[in-house]
Amino acid sequence: MIDVSHQIDAVSRTVGTREYKGRTARVVKLGQAYDATVEDVWDACTRAERIPRWFLPVSGDLRLGGTYQLEGNAGGTVERCEPPVSFAATWEYGGDVSWIEVRVTPEGGRTRLDLEHIAHVDGERWAQFGPGAVGVGWDLGLMGLAGHLGSPGGVLEPKDSMAWMGSDEGRDFITRSSESWYEANVAAGEPQDGARGAADRTTAAYTGAEPE
């Protein structure tokens, strides 16, 4: 069993913009503190043998300038790597290129991981799904990492994740995650009506339900 409320509340979420590679980009940021050392969190996120234990199987060369491929998902190139503090990589999927930046820092006896997903998103696509399009997926990833690092919220094995997402508990998690991204979107200045519609469409996309 996953403690859905505990995990949703453990994650911070913000939405913003920044200038990136010469253009204004949307930034979806989330973070969570773990009861683990900086070195352990860094190792869990960067060592090919550990990543499949909480996320997805990965192949490639996980070092500066190397390329990677997540099974059935994104691939890209490692553009920056400063162990055990931060790394940045392209996130290439479905013909689109965006970027991720990950930072690992000590926080009051724990270790905090912050992840930014940066994308040049056109207004029409943003209006359709908003930040939850990538935010819900990353929420699922941080939940997996929490379980791997011994979080009291429960452990979900990657091999069971698809079945779990179709369960009542999984749909509840997705819905709460999407709602949290709705709130972050509104806090960033998005009109409520537009943010509401985007969140409902995101929830439907992840759960297979019809949007209201």
Side-chain angles (χ1 to χ4, degrees), residues 2 7 10-14 16 18 20-21 25-94 96-119 131 133-162 164-165 173 177:
I2 300 297
Q7 179 59 30
V11 176
S12 63
R13 303 169 185 84
T14 58
R18 64 185 277 197
Y20 196 78
K21 297 186 182 293
R26 301 278 187 174
V27 182
V28 172
K29 180 177 179 178
L30 66 168
Q32 182 171 356
Y34 300 101
D35 291 322
T37 64
V38 166
E39 291 75 16
D40 192 32
V41 174
W42 175 264
D43 188 70
C45 294
T46 59
R47 187 153 62 91
E49 292 80 9
R50 286 187 72 178
I51 293 172
R53 300 179 197 171
W54 63 271
F55 195 42
L56 291 167
V58 63
S59 58
D61 188 6
L62 304 185
R63 60 183 177 131
L64 183 62
T67 59
Y68 72 94
Q69 180 62 54
L70 292 162
E71 187 176 292
N73 205 295
T77 301
V78 180
E79 295 188 325
R80 176 169 50 81
C81 187
E82 302 171 5
V85 177
S86 67
F87 69 86
T90 62
W91 186 265
E92 303 174 30
Y93 183 75
D96 294 327
V97 179
S98 54
W99 298 266
I100 58 170
E101 295 185 355
V102 174
R103 180 168 292 275
V104 180
T105 53
E107 183 179 85
R110 308 176 79 199
T111 296
R112 181 175 181 83
L113 181 141
D114 288 296
L115 182 147
E116 293 188 15
H117 196 139
I118 306 155
V134 297
V136 172
W138 286 121
D139 260 321
L140 290 162
L142 263 60
M143 179 186 68
L145 181 59
H148 177 65
L149 293 172
S151 166
V155 178
L156 177 66
E157 296 294 336
K159 63 181 176 61
D160 300 324
S161 61
M162 290 304 296
W164 180 82
M165 286 173 61
F173 180 92
S177 169

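For the pair Tyr68 and Thr90, the tightest heavy-atom approach, listed with the atom from each and the gap, is OH-O, 2.7 Å. Closest approach of Cys45 and Leu113 over heavy atoms only: SG-CD1, 3.4 Å. Nearest heavy atom pair, residue Trp42 against residue Cys81, reads CZ2-SG, 3.9 Å. Pro131 approaches Val28 most closely through the heavy-atom pair CB-CG2, 3.8 Å. Closest non-hydrogen pair, Tyr34 versus Arg110, comes out as O-CB, 3.2 Å. Taking both residues in full, the closest heavy atoms of Lys21 and Glu79 are given as NZ-OE1, 3.9 Å, listed atom of the first, atom of the second, then distance.
Atom CG of Asp35 and atom CG of Leu149 lie 9.0 Å apart (nearest 0.5 Å). Between Met165 atom CE and Asp160 atom CG the span is 13.0 Å, to the nearest 0.5 Å. Here Gln32 contributes atom CD and Thr111 contributes atom OG1; the two are 12.0 Å apart, rounded to the nearest 0.5 Å. In this structure, NZ in Lys29 is found 7.5 Å from OG in Ser12, a value given to the nearest 0.5 Å. Within the model, atoms CZ of Arg103 and OG1 of Thr105 stand 7.5 Å from one another, a figure rounded to the nearest 0.5 Å. With rounding to the nearest 0.5 Å, the separation of OG in Ser177 from CE in Met143 is 9.5 Å.
Salt bridge present: Arg18 and Glu101 bring a charged side-chain N and a carboxylate O closer than 4.0 Å. One finds a salt bridge joining Arg50 and Asp40 here, because a Lys/Arg side-chain nitrogen approaches an Asp/Glu carboxylate oxygen to under 4.0 Å.
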**OP:** For Leu30 and Leu142, run side chain to side chain contact (heavy atoms under 4.5 Å, CB included): C-alpha distance rounded to whole Å, both residues' side-chain angles, the deciding distance at 0.1 Å, then the answer.
**Re:** CA-CA 9 Å; Leu30 66 168; Leu142 263 60; 3.9 Å; yes

Subject >> Stepwise side chain to side chain contact (heavy atoms under 4.5 Å, CB included) check, Thr46 with Phe87 >> reply: CA-CA 9 Å; Thr46 59; Phe87 69 86; 3.9 Å; yes

Original post:
Passes side-chain hydrogen bond (donor to acceptor under 3.5 Å, both in side chains), Ser98 versus Arg26? Steps please.
Top reply: CA-CA 10 Å; Ser98 54; Arg26 301 278 187 174; over 6 Å; no

Subject >> Working for side chain to side chain contact (heavy atoms under 4.5 Å, CB included), residues Val27 and Tyr20 >> reply: CA-CA 10 Å; Val27 182; Tyr20 196 78; over 6 Å; no

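At a threshold of 4.5 Å between non-hydrogen side-chain atoms, the residues Asp139 and Val11 count as touching. In this structure, the side chains of Val102 and Asp114 stay at 4.5 Å or more apart for every pair of heavy atoms. A heavy-atom distance below 4.5 Å is not found between the side chains of Val58 and Gln69.
In terms of modelled atom types and a separation under 3.5 Å, the side chain of Trp54 and the main chain of Pro158 share no donor-acceptor contact.
Other residues, nucleotides and ligands contribute at most 12 non-hydrogen atoms within 6.0 Å of the CZ atom of Arg63. The number of heavy-atom neighbours closer than 6.0 Å to CD of Glu82, taken from other residues, nucleotides and ligands shown, is above 12.
Using cut-offs of 30° and 60° for the angle between ring planes, the His117 and Trp91 rings count as perpendicular.
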